[in-house]
Every structure is written in structure tokens, then in C-alpha cells.
Peer 1: 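Pasting in a structure now, in C-alpha cells, and then I'll have a few things to ask.
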Amino acid sequence: MIKNVVIHLVNEQPLLADIEALPKASDVVLVCSNLRMMNGSRPVFVDRIESTFVFPYAQVRFIETPKIVKAGKQPSAAADQPSVAQGPEAEPPTPEPPPEAEGDLEIDEDFLRRVREI
């Protein structure tokens, strides 16, 4: 079970739901349960929150899954805990360096002159 998947429907606000597995290319519908708004409340079009919901993929723009699921692991409460090093040769993971900021872009004066003339 993959919890807290964000489903973006066509012309609707995003919804949170739980799905059994990641969708496959051969799927034509998205089956989910525990459907709720992003703030946790019941959507107005849902009569029974404990129901199973089936959305055709023609109505689904895209789906956001938790980062842990993308790595092939199932989410768990222990996933949020830092791992303990095992033995003397185990090293803590090194954090990724922050992305480099783009330098100041140089303004093309000729381009600005042409824009002002329009």
C-alpha cells in the first residue's frame, strides 16, 4: 500500500489517496482508497469515505508519489529515522552539495533597445 499519493485530476483540485501499487503502462484506471482533500477533509463529491474509488486515466493529469516509493522502498515509520552505523567501517552518508546558483545574467543592451522601440 502506497499512502499519501497526490492525484491531480483534470479541472479539479489535487486529492490525497492510498493506492495498492504504482500504475503500469497497461492500466486504464486508477484504483484508490482513503480519498481526501489536501487538508484531510472529505471531498464534496464523495458520499462514503471508506469506499474504493476508480478514476479513468483520461481524467488523471498526473500522480505524485512519495520519494521513498520512487526508490523502490515501501514507506514506513522507520524510514524517517536516521540509520545507525553498523561496525567501524560504516560511514555516515555524505549530504549532497546544494545546487550551484546561476550567476548574474548579463543584460544585452541592444536587445533592450529593440524592446523599448516596440
Side-chain angles (χ1 to χ4, degrees):
M1 174 76 58
I2 303 170
K3 297 187 179 283
N4 298 327
V5 173
V6 182
I7 303 170
H8 294 265
L9 298 174
V10 175
N11 296 324
E12 291 290 334
Q13 294 294 318
L15 300 168
L16 281 173
D18 301 339
I19 59 175
E20 287 297 322
L22 288 175
K24 299 178 186 113
S26 60
D27 292 347
V28 292
V29 295
L30 175 68
V31 180
C32 58
S33 60
N34 194 16
L35 191 67
R36 57 209 183 276
M37 299 299 288
M38 293 298 287
N39 63 4
S41 64
R42 180 183 61 85
V44 295
F45 57 86
V46 172
D47 291 328
R48 295 187 180 138
I49 197 72
E50 68 275 358
S51 300
T52 299
F53 302 91
V54 180
F55 293 105
Y57 277 121
Q59 297 299 313
V60 178
R61 289 181 54 218
F62 62 93
I63 301 169
E64 293 180 60
T65 59
K67 189 173 184 179
I68 286 179
V69 174
K70 292 177 191 169
K73 301 176 185 174
Q74 290 297 326
S76 65
D80 296 332
Q81 302 295 329
S83 61
V84 178
Q86 301 291 329
E89 57 272 342
E91 296 180 16
T94 56
E96 289 185 25
E100 294 182 25
E102 292 184 23
D104 291 335
L105 298 176
E106 196 171 306
I107 297 175
D108 184 9
E109 294 296 328
D110 186 46
F111 174 74
L112 288 175
R113 181 185 51 78
R114 288 185 301 205
V115 169
R116 289 181 189 127
E117 289 175 357
I118 295 179

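We number each residue from 1, following the sequence as shown. No experiment lies behind these values; they were computed from the predicted model shown. Below, each value reflects all heavy atoms present in this structure, side chains not excepted, and no hydrogens, waters or symmetry copies.
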Peer 1: Is there a path of hydrophobic side-chain contacts, each under 4.5 Å between heavy atoms, that joins V29 and F55?
Peer 2: no
Peer 1: Using the side-chain contact (heavy atoms from CB on, under 4.5 Å) rule, take L30 and V54 through it: C-alpha gap first, then chi angles, then the decisive distance, then the call.
Peer 2: CA-CA 6 Å; L30 175 68; V54 180; over 6 Å; no
Peer 1: Could you state whether M37 and I7 fall into the same hydrophobic cluster, counting links through intermediate Ile, Leu, Val, Met, Phe, Trp or Tyr residues with side-chain heavy atoms under 4.5 angstrom apart?
Peer 2: yes
Peer 1: Does Q13 have more than 12 heavy atoms from other residues, nucleotides or ligands lying within 6.0 Å of its CD?
Peer 2: no
Peer 1: How would you list, by chain and number, every residue that makes a side-chain contact (heavy atoms from CB on, under 4.5 Å) with D110, sequence neighbours excluded?
Peer 2: D108, R113, R114
Peer 1: Among residues two or more places apart or on two chains, list those pairs meeting side-chain hydrogen bond (donor to acceptor under 3.5 Å, both in side chains) that have a residue in residues 28-40.
Peer 2: N4-R36, D18-N34, N39-S41
Peer 1: Taking the hydrophobic residues Ile, Leu, Val, Met, Phe, Trp and Tyr, and joining any pair whose side-chain heavy atoms are under 4.5 Å apart, which ones share a cluster with L16?
Peer 2: V6, M38
Peer 1: Could you check whether any side-chain heavy atom of V5 comes within less than 4.5 Å of a side-chain heavy atom of I63, counting everything from C-beta outward?
Peer 2: yes
Peer 1: With sequence neighbours left out, what residues match F62 under ring-ring contact (aromatic ring centres under 6.0 Å, His included)?
Peer 2: H8
Peer 1: What residues, two or more places apart in sequence or in another chain, satisfy side-chain contact (heavy atoms from CB on, under 4.5 Å) together with V28?
Peer 2: none
Peer 1: So L22 and I2, do their side chains get closer than 4.5 Å, heavy atoms only?
Peer 2: yes
Peer 1: I need the full list of side-chain hydrogen bond (donor to acceptor under 3.5 Å, both in side chains) pairs touching residues 22-31, with sequence neighbours left out, sorted by first then second residue.
Peer 2: none
Peer 1: Which residues satisfy the side-chain contact (heavy atoms from CB on, under 4.5 Å) test with V46, sequence neighbours excluded?
Peer 2: L35, R42, P43, I49, F53
Peer 1: Mind checking side-chain contact (heavy atoms from CB on, under 4.5 Å) for E12 and listing every partner two or more places apart, or none if nothing turns up?
Peer 2: L9
